[in-house]
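Take a look at the structure set out below.
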2 protein chains.
Amino acid sequence: MTESTAAQRRQPRSRPETLAKRRDILDAAVEIFGSKGFAGGTLQEIADQVGMTHAGILHHFGSKDQLLLEVLSHRDETDVADLEEQHIPGGIALFRHLVRTAFVNAHRAGIVQAYVVLSAESVTDDHPGRVFFQKRYETLRGEVARAFEVVCAERGVAAPETIELASASILAVMDGLQVQWLLDPDAVDLGRASEFAIEAIVDSVLSPSTSPLA
Amino acid sequence: MTESTAAQRRQPRSRPETLAKRRDILDAAVEIFGSKGFAGGTLQEIADQVGMTHAGILHHFGSKDQLLLEVLSHRDETDVADLEEQHIPGGIALFRHLVRTAFVNAHRAGIVQAYVVLSAESVTDDHPGRVFFQKRYETLRGEVARAFEVVCAERGVAAPETIELASASILAVMDGLQVQWLLDPDAVDLGRASEFAIEAIVDSVLSPSTSPLA
DNA sequence: GTTAACTTACTATCGAGTAAGTAAGTAATG
DNA sequence: CATTACTTACTTACTCGATAGTAAGTTAAC
């Protein structure tokens, strides 16, 4: 009866406003999941914020899990500070970029909170965001490691094996500082602390420390 | 009729086994909240693990929130690696202690996960554990800062203002590395990375870096 | 006139907390 | 030491309120 290759002939063609509406929903979801967590946040709250019913949201995204996954990838796109989507600065510029990101993030508590809460929550059993964060960290560690290699090459230094440790550490400080900063913004200077720590770690890779703890 | 100061004459005296039972419940709660989060974990699951009904647990702890609070303080007591309860090593010994803690933690994924999940979740709105973690980080930053001051004094170095940044950073790397390690244990060496980062930061406080990013 | 973009209304389930009851322990008293 | 008086430590059974997902109907765009 129908064409066997129906998909080819017809692409359902969604309405132009739909895309904007999806963005609104995703933005609301970032805020709700960020402030309540994924398990704690509800479709109802998200729906309220965009003036819709929760069923309307399910119409667009199918399920709560699916919504989270799209929130996570959407965040990467809109996140000005994100590395993956932009043209990646190489070498030392990457580290400067990370520091700048930390300073920028100090004015975007909402998104920072979403990221902190969801990444930590993702380590729980069967969390729908787990794979996303696994891949994300793997990618980011790779970017940072590459930057280290470039910098070492530039300075004629043999790239030490500490690069892997340092790459993970740099991402770790940034994340860890965000937690402390969210809990008590006055007690921690997110930008300056990130800058300090990143410099310390980069420095330590370039000129291996004298092992002060030995 | 009855004695007016009844409370004075009799202290209800709970049964001796009760204390052990409470410990069991707390241990189960650490495991459940650690693997599912606080919002995601249920009293039923905890009850199942200790062979009880969820009402039995409420009998002991009153509410789920209260249970979490007791889990958090209980954890500090049983956590071999914790600083507050033990006699705190001063100066450089503290940093060595932190490194050792990281190596030990690499064999205790369960507790690490509980800590990671709950601390991050605590930044969400009205989370019952929020105050606990605020105080905890404040205390820990203080301990680390004091260690830095001692070390600086020992070496006749004027204590720089970077101490506060460094203190927050050291705790931050440790936490952040735990997240990455939990997501992908093979990709991150929790002990060695913590050691590397802590050394780098301590080193940077003692001999201020040459600002490689400037 | 067909389909996208919803809404309303419903279902099924689950979760924390409560109420009431029961068995066993503990303690004061004669 | 035994009896009475009370408490602890639960269980069973319930309430009440969410919540994710579904189904069917409505409107308006293309």
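If you're wondering where the values come from, they're calculated on a predicted model, not measured in any experiment. So you know, we letter chains A, B, ... as the sequences are listed, proteins then strands, and number each from 1.
Under the rule for a salt bridge (Lys or Arg N to Asp or Glu O under 4.0 Å), B/K64 has no partner lying at least two apart in sequence or in another chain. A/F132 meets the ring pair (Phe, Tyr, Trp, His ring centres under 6.0 Å) test with no other residue; sequence neighbours excluded. The salt bridge (Lys or Arg N to Asp or Glu O under 4.0 Å) search around B/R146 returns B/E143, not counting sequence neighbours. Residues satisfying the salt bridge (Lys or Arg N to Asp or Glu O under 4.0 Å) test with A/R130, not counting sequence neighbours, are none. For B/E70, the salt bridge (Lys or Arg N to Asp or Glu O under 4.0 Å) partners are B/R22, not counting sequence neighbours. Considering only residues two or more places apart in sequence or on other chains, B/E164 meets the side-chain hydrogen bond (donor to acceptor under 3.5 Å, both in side chains) condition with none of them. Considering only residues two or more places apart in sequence or on other chains, A/F196 meets the ring pair (Phe, Tyr, Trp, His ring centres under 6.0 Å) condition with none of them.
B/D48 and B/Q44 form a side-chain donor-acceptor contact under 3.5 Å, judged by distance and modelled atom types alone. A donor-acceptor pair shorter than 3.5 Å can be found between the side chains of B/R136 and B/Y115.
Residues from residues 44-54 of chain A placing a heavy atom under 4.0 Å of any atom in DNA chain C, listed by number, are A/M52, A/T53. Applying a 4.0 Å cut-off to non-hydrogen atoms, the residues of residues 57-64 of chain A that approach DNA chain D are A/L58, A/S63, A/K64, listed by residue number.
Rounded to an integer number of Å, the gap from B/L43 CG to C/dC14 C1' is 12 Å. For the pair B/I32 CD1 and C/dA16 P, the computed distance is 12 Å after rounding to whole Å. Atom CD in A/Q66 sits about 15 Å away from atom P in D/dA20, given to the nearest Å. Going from atom CZ of B/R22 over to atom P of D/dT8 covers 13 Å, rounded to whole Å. Distance CG (A/L19) to P (C/dA4): 16 Å, rounded to an integer number of Å.
Residue B/G41 is classed as a sugar-phosphate contact, given heavy-atom separations below 4.0 Å to backbone atoms only.
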Please set out all donor-acceptor pairs under 3.5 angstrom arising from side-chain atoms of residues 168-178 of chain A, sequence neighbours excluded.
residue, atom, partner, partner atom, Å
A/S169, OG, A/L165, O, 2.7
A/D175, OD2, A/Y137, OH, 2.5

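Among residue pairs with one or both ends in residues 119-129 of chain B, none qualify as side-chain hydrogen bond (donor to acceptor under 3.5 Å, both in side chains); sequence neighbours excluded.
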At a cut-off of 3.5 Å, list every protein nitrogen or oxygen paired with a nitrogen or oxygen from nucleotides 19-23 of chain C, distance to 0.1 Å.
none

